Trainee: 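Before anything else, here's the structure in question.
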Amino acid sequence: MDIASRPSEPAENAQLAPELGNTAPPPVAATVIRREDYQPPAWLVPEVALDFRLGLDASHIVARLSVVRNPAGSGESTLRLNGDQIAPLAVRVDGREVNDWRLDGSDLVVELTGDAHAVEVETAVNPAANSQLMGLYASGGMLCTQCEAEGFRRITFFPDRPDVLSTYTVRMSGEKAQFPILLANGNCTASGEADDGTHWAEWHDPWPKPSYLFALVAGNLTANSARFETMGGRQVALNIWVRPGDEDRTQHAMNSLINSMKWDEETFGREYDLDLFNIVAVSDYNMGAMENKGLNIFNTRYVLADPDTATDGDYDAVEGVIGHEYFHNWSGNRVTCRDWFQLSLKEGFTVLRDQLFSADMGSEAVKRIEDVRILRVGQFPEDSGPLAHPIRPDSYEEISNFYTATVYNKGAEVIRMMRTMAGVERFRKGTDLYFDRHDGEAATCEDFVRAIEDGAGLDLAQFRLWYSQAGTPQVCAEVAHSGTQVVLKLTQTVPATPGQPDKQAMPIPLRVALFDRATGTHSGERLIVLDQDSQTFTFDGFAAPPVLSINRGFSAPVAIDFAREKADLVFLAAHDDDPFARYEAMQGLVLQHLVAGVSGRLDDAARAEGQAAIGEALGAIIADPAIDDLMRGELMILPAESYIAEQLPVSDPGLIHAEREALKAWLGRALAEPLKALHDRACAVPYSREAAARGARKIKTQALVLIAAGDPAEGAARAFAQYRAADTMTDRQGALMVLCNLDAPERETALADFHDRYRDNALVLDKWFSLQAGALNPKVLEHIAALAQHPDFTMTNPNRVRALYMAAAVNPRAFHDESGAGYRMIGDLIRRLDPINAQTAARFVPSLGRWRRVEPVRAAMMRAELERIAALPGLSRDVREQVSKSLG
Ligand code: PHE
Ligand code: ZN
C-alpha cells in the first residue's frame with residue numbers, strides 16, 4: 001500500500017500532511033467571481049489537437065490550439081490560457097518557439113499580433129501523484145480524466161471556460177501491456193502499434209464542445225457491448241468498460257442505458273448523435289459520474305450491480321445516474337452553459353429529466369416521495385443556512401462548492417413548476433424550442449426561461465425570481481367556511497438569506513383539493529398560483545367544512561404552515577387519492593407530534609393521544625391491501641431528524657433523537673403483532689426484480705427496524721435470521737443495519753461474516769464501513785475511531801472516505817454526541833483530507849456550518865471546530881470558502 005493511502009498521524013497542521021506531488025494547493029488569495037462581470041472571451045478556439053504520451057507517473061501533453069479573435073470579444077491581443085499546477089515546457093506560435101510568454105498567477109499569457117494563430121503548448125503531469133482526482137489521474141492502474149468544472153487546466157493551458165467551444169482531435173500513445181484500451185470522446189479514427197511495445201489511437205469528436213467535456217481513458221478494461229438503433233435509424237455501438245472481472249455486474253447499467261436512449265426519444269424527442277457511446281467505470285472518483293461527450297466516466301458505484309452485491313436502492317441509483325448522464329448529451333452537451341453561474345441550466349433540467357425517467361421506469365408516486373425526501377433532508381437545510389444561494393448563484397470563490405442540492409434538486413423543482421403550470425404538452429413545446437434555438441450554443445438560464453415562455457405560452461416574468469432568490473418560501477394557509485363557501489387564505493414569506501435581506505413574493509403553483517369528510521372524496525383538483533404576499537381563493541358548494549389537501553404532488557418546493565387537526569391528518573393519510581399527499585399527511589402527523597415533544601409541549605395525556613393517532617394511522621397503512629408494498633415501505637419511514645430540526649429555529653439534536661427513537665420504540669411495541677406478521681409475509685416472497693418482490697424487501701427491513709426498536713432481543717433474533725437467509729444484498733444489508741444499532745453478540749458475528757465474504761469487493765466494503773458509522777449504537781464513536789485505523793480504510797479513495805465519514809456526519813448519534821467528539825472527528829477529517837482531496841474535504845464543512853441552528857452548548861463546539869480549521873495556513877480555496885461563509 002502506498003504512502004498516499006496510509007496517512008500518518010492526524011496532522012495538527014495541514015502542511016505536515018503527506019507529500020503528494022502536485023496536489024498540495026498553493027496559498028491563494030480570496031477572489032470572488034461575479035456573475036455580473038461576465039465578458040465574452042477575447043479569443044475563440046475552433047480547433048484543438050491534443051497529443052498524449054501516457055505514463056502512470058509521467059504523462060506528456062502537446063496541445064495545438066487554433067485561435068481566432070472573437071468578433072464579439074474585447075478585441076485585446078493578449079491570449080490568456082488558464083493553468084493550474086502545471087508549467088509550460090515549450091510555447092510555440094505559428095510553428096515557432098516563443099519566449100515572450102509570461103505566467104500571471106497560474107495563467108499563461110501570450111501576446112498575439114494577428115487575428116488567427118496556431119498556438120502550441122507542451123506540459124507534463126504526474127497522474128499517479130494526483131490525489132485531487134481532477135485533471136489526468138491514475139486509478140487502479142488505469143489513467144482517466146475529470147475536467148468539470150476546471151480540471152482541463154490541470155492538463156494543459158487553455159481558455160478553460162464553458163463558452164469556448166472547440167472540435168477536438170486526440171492522439172494518445174502508451175505501453176500496450178499497461179494500457180490495452182485507449183479511449184477519448186467521439187469516434188476512433190485510426191490506431192496502430194510501434195515496435196517498442198507502445199500503441200496509439202486517434203480519436204475525433206465532430207461536435208464542438210467546451211473543455212470541461214473532454215475525456216480520455218487508458219487502461220486494462222473489458223466491455224459489455226450492445227447496439228442501439230436510434231429513431232432516425234442510426235446504429236450506435238454501446239460499451240460499458242470495467243476492470244476485468246466486473247463485467248458480470250454491468251447488465252443492469254446496459255439495460256438502463258438502452259432504456260434512457262429510448263425514453264429520451266419518446267419523451268423529449270432527443271436522438272443520440274454519434275455512432276459510439278462509451279461508459280467507463282472508475283473506482284477513485286469525487287462525484288457520481290460525468291457526461292463527457294460520447295465517453296461518460298462513472299464512479300463504479302453507479303455502474304456495477306448484481307443481486308448479491310447491490311441493494312434495490314443501488315439498482316435504482318444506477319438507473320437514475322445512467323439516465324442523468326445520458327440525458328446530458330442534449331441538456332448540457334449540445335446546449336451547454338455560458339458560464340458556471342448557469343450550472344442549473346444543465347443540472348436542474350437534467351435532474352428533472354432523470355426524475356421523470358425513473359418515475360416512468362418504476363413507481364411514479366414512490367419516486368416523487370423519494371425526491372421530496374432528498375430535497376427536504378439535503379436542500380432545505382442548505383437553503384436556511386449560511387451557505388444558502390439561489391439556483392443561479394451571483395458569486396463564488398470555488399465553483400466546485402456549487403455542485404449543490406440547491407443547484408441540482410431545487411433547480412429541478414423550479415423547472416418542474418414550469419411544467420406543472422404549462423402542462424406536459426405545452427412544456428414539451430417549450431423544451432423543443434429551447435433545444436432548437438440554442439443547439440450548439442453556450443446558453444443561460446434566462447435563455448431557457450424565455451424558450452419555455454415562448455414555446456409553452458407562459459408569462460414567466462415574475463417567475464424568474466425563483467432563479468435569483470434563495471431561501472425556502474413558507475406558505476401559511478387558513479381555511480374559513482361559511483354557508484356553502486370555503487375561503488382559503490394563503491400568505492407567503494421568503495426568508496432572508498446571506499446577502500439577500502429582502503425578498504419579493506414569488507409565483508407558487510399549488511395543487512389543491514377539498515375533501516368531503518362524509519364521502520372521503522373531492523370534486524376535482526385545482527391548480528392555484530399564489531403570486532402575492534397574501535391572497536384568498538374561494539371555492540363553492542360545500543355544505544360542511546371540507547378537509548384541505550394542499551401542495552399535492554409537492555407542486556412547489558415550499559414549506560406549508562397549516563395548523564391541522566390530528567383527525568384531518570389521519571383522514572388524509574387514509575383517503576387522499578394523491579399518493580404524495582397521503583404520505584405527507586402521515587409525515588405531518590408524526591412531525592407535529594415530535595416537534596411538540598422536543599418543544600416540551602407534550603404532557604403525558606397529549607403524548608399518549610399523539611402516539612395513539614400515529615399508531616392507528618400506521619396500523620391502517622400496514623393492513624391496507626390497496627397499498628402496494630413499495631409505497632407501504634415509504635409510508636412507514638418516519639421523518640428524518642434533520643427535517644425535524646428544520647421545523648425549529650434552534651434545536652437540541654439530542655432531544656430530537658430521543659423523541660424520535662422513543663416513538664419508534666412505542667410503535668414497535670404497540671404494533672408488534674402486525675409488524676411481525678408483515679415481516680413474516682415479506683420473508684416468504686421469493687427473489688425477483690419485479691416491483692412486488694422489491695416492495696416485499698423494502699417492508700421487510702422497515703418492519704425489522706420498528707420491531708427492533710420495540711423489542712431489541714426479538715429484533716436481533718429476526719435480523720440475524722434475515723441475515724442468514726438473505727439471498728440478496730437488500731436483505732443482507734437491511735438486517736446488518738438493524739444489527740449494527742444493537743449491542744448484541746449477533747452484531748459482531750454478522751459483521752465478521754460480511755467482511756469475510758466481501759473482502760475483495762470495494763463497493764460492498766464501503767457498505768460495511770457506512771453501516772457501522774451510521775449506526776445508532778451507543779459505542780458508535782469508538783467504532784468509527786477503530787474503523788479509521790482499519791487496514792481497509794484509506795483517505796485517497798473518496799468512496800471509502802464518504803462511506804466512513806459521511807455516514808458519521810449524518811448520524812446524529814455520532815456527530816452530535818454531547819461530548820463534542822463527533823465535531824472534532826469531522827474537523828480533524830477536513831484538516832487531514834484537505835491537502836489530499838480538497839473537493840471532498842469541503843463537502844464535510846456544511847454539517848459543522850449548521851451551528852447557528854443548534855442549541856448553544858453544542859453550537860459553541862461546532863463553531864470552535866470551524867475556527868480551528870480556519871486558522872490553518874495553506875487551506876484549499878474549496879474548504880476556505882465554505883468555512884469562512886459558515887463562520888460569517
Ligand atoms: N456534471 C456531473 C453530473 O451532474 C457532476 C460532476 C461535476 C462530476 C463535477 C464531476 C465533477 O452529472
Ligand atoms: Zn449532471
Side-chain angles (χ1 to χ4, degrees), residues 84 130 132-137 139 144-155 160-162 185 209-217 253 256-257 260 264 279-303 317-337 339-358 371 374 378 391 393 396 398-412 415 445 448 798-799 802 837-843 878:
D84 183 11
N130 183 353
Q132 302 283 350
L133 313 184
M134 286 293 282
L136 178 64
Y137 66 93
S139 172
C144 66
T145 56
Q146 172 52 47
C147 292
E148 188 178 5
E150 297 180 338
F152 193 72
R153 61 183 69 184
R154 291 168 60 92
I155 299 172
D160 193 13
R161 41 187 289 168
N185 315 87
K209 64 170 175 289
S211 50
Y212 82 87
L213 290 173
F214 164 78
L216 166 158
V217 173
S256 302
L257 175 59
S260 306
D264 212 15
I279 288 176
V280 180
V282 177
S283 313
D284 301 284
Y285 202 72
N286 284 344
M287 306 278 277
M290 180 64 211
E291 69 263 24
N292 315 299
K293 184 80 187 190
L295 177 54
N296 288 1
I297 295 182
F298 271 63
N299 188 323
T300 42
R301 68 179 295 198
Y302 295 114
V303 174
V318 167
E319 179 180 76
V321 178
I322 292 267
H324 180 96
E325 305 311 329
Y326 175 73
F327 302 144
H328 268 315
N329 190 55
W330 275 94
S331 50
N333 301 0
R334 286 289 286 263
V335 183
T336 193
C337 299
D339 55 64
W340 292 119
F341 297 104
Q342 319 299 328
L343 185 58
S344 202
L345 173 72
K346 74 177 177 84
E347 295 304 347
F349 188 27
T350 304
V351 170
L352 175 66
R353 279 152 55 69
D354 84 54
Q355 290 176 348
L356 297 173
F357 166 63
S358 295
D371 290 338
I374 292 168
I391 64 167
Y396 62 79
E398 171 51 61
I399 187 57
S400 299
N401 288 332
F402 286 80
Y403 288 77
T404 58
T406 297
V407 166
Y408 275 66
N409 303 70
K410 186 177 179 180
I415 301 177
C445 295
F448 182 84
N799 284 359
R802 282 186 289 256
N837 188 328
Q839 236 182 67
T840 305
R843 299 225 155 230
D878 309 57

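We count ligands from 1, going down the list as the structure has it; atoms in each ligand are counted the same way. Please read these numbers as outputs of a predicted model, since none were measured by experiment.
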Trainee: To which protein heavy atom is atom 1 (N) of ligand 1 closest, and what is the distance rounded to 0.1 Å?
Mentor: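 Protein heavy atom at minimum distance: E148 OE1, 2.6 Å.
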
Trainee: Of all the N, O or S atoms in E347, which has the shortest distance to the Zn ion (ligand 2)?
Mentor: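 Relative to the Zn ion (ligand 2), the closest nitrogen, oxygen or sulfur of E347 carries the name OE1.
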
Trainee: For ligand 1, which atoms sit closer than 4.0 Å to a heavy atom of H328?
Mentor: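 Taking each heavy atom of H328 in turn, ligand 1 has 3 (C), 4 (O), 12 (O) under 4.0 Å.
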
Trainee: What is the closest protein heavy atom to atom 6 (C) of ligand 1, and at what distance does it sit?
Mentor: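 Nearest protein contact, heavy atoms only, for atom 6 (C) of ligand 1 is M287 CE, 3.6 Å.
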
Trainee: By number and element, which atoms of ligand 1 are closer than 4.0 Å to a non-hydrogen atom of K346?
Mentor: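 That gives atoms 1 (N) of ligand 1.
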
Trainee: What atoms of ligand 1 come closer than 4.0 angstrom to any heavy atom of Q146?
Mentor: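 By the 4.0 Å cutoff, the relevant atoms are 10 (C), 11 (C).
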
Trainee: Can you tell which of F298, Y285, Y408 gets a heavy atom nearest to atom 3 (C) of ligand 1?
Mentor: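 Shortest heavy-atom distance from atom 3 (C) of ligand 1: Y408.
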
Trainee: Going by atom types alone, do Y285 and Q146 pair a side-chain donor with an acceptor below 3.5 Å?
Mentor: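 Checked: Y285/Q146 side chains pair up, N/O donor to acceptor below 3.5 Å.
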
Trainee: Would you please name every residue forming a side-chain contact (heavy atoms from CB on, under 4.5 Å) with N401, sequence neighbours left out?
Mentor: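 In terms of side-chain contact (heavy atoms from CB on, under 4.5 Å), with neighbours along the sequence ignored, N401 is linked to E398, A842, D878, E881, Q882.
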
Trainee: Which protein heavy atom lies closest to atom 8 (C) of ligand 1, and at what distance to 0.1 Å?
Mentor: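 Heavy-atom neighbour on the protein nearest atom 8 (C) of ligand 1: A289 O, 3.4 Å.
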
Trainee: For E291, counting its heavy atoms only, list the atoms of ligand 1 lying under 4.0 Å from any of them.
Mentor: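 Listed by number with element, the hits are 1 (N), 2 (C), 3 (C), 12 (O).
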
Trainee: Once the angle between the rings of F357 and F327 is folded into 0 to 90°, is it parallel (under 30°), tilted (30 to 60°) or perpendicular (over 60°)?
Mentor: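 Rings of F357 and F327: perpendicular, over 60°.
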
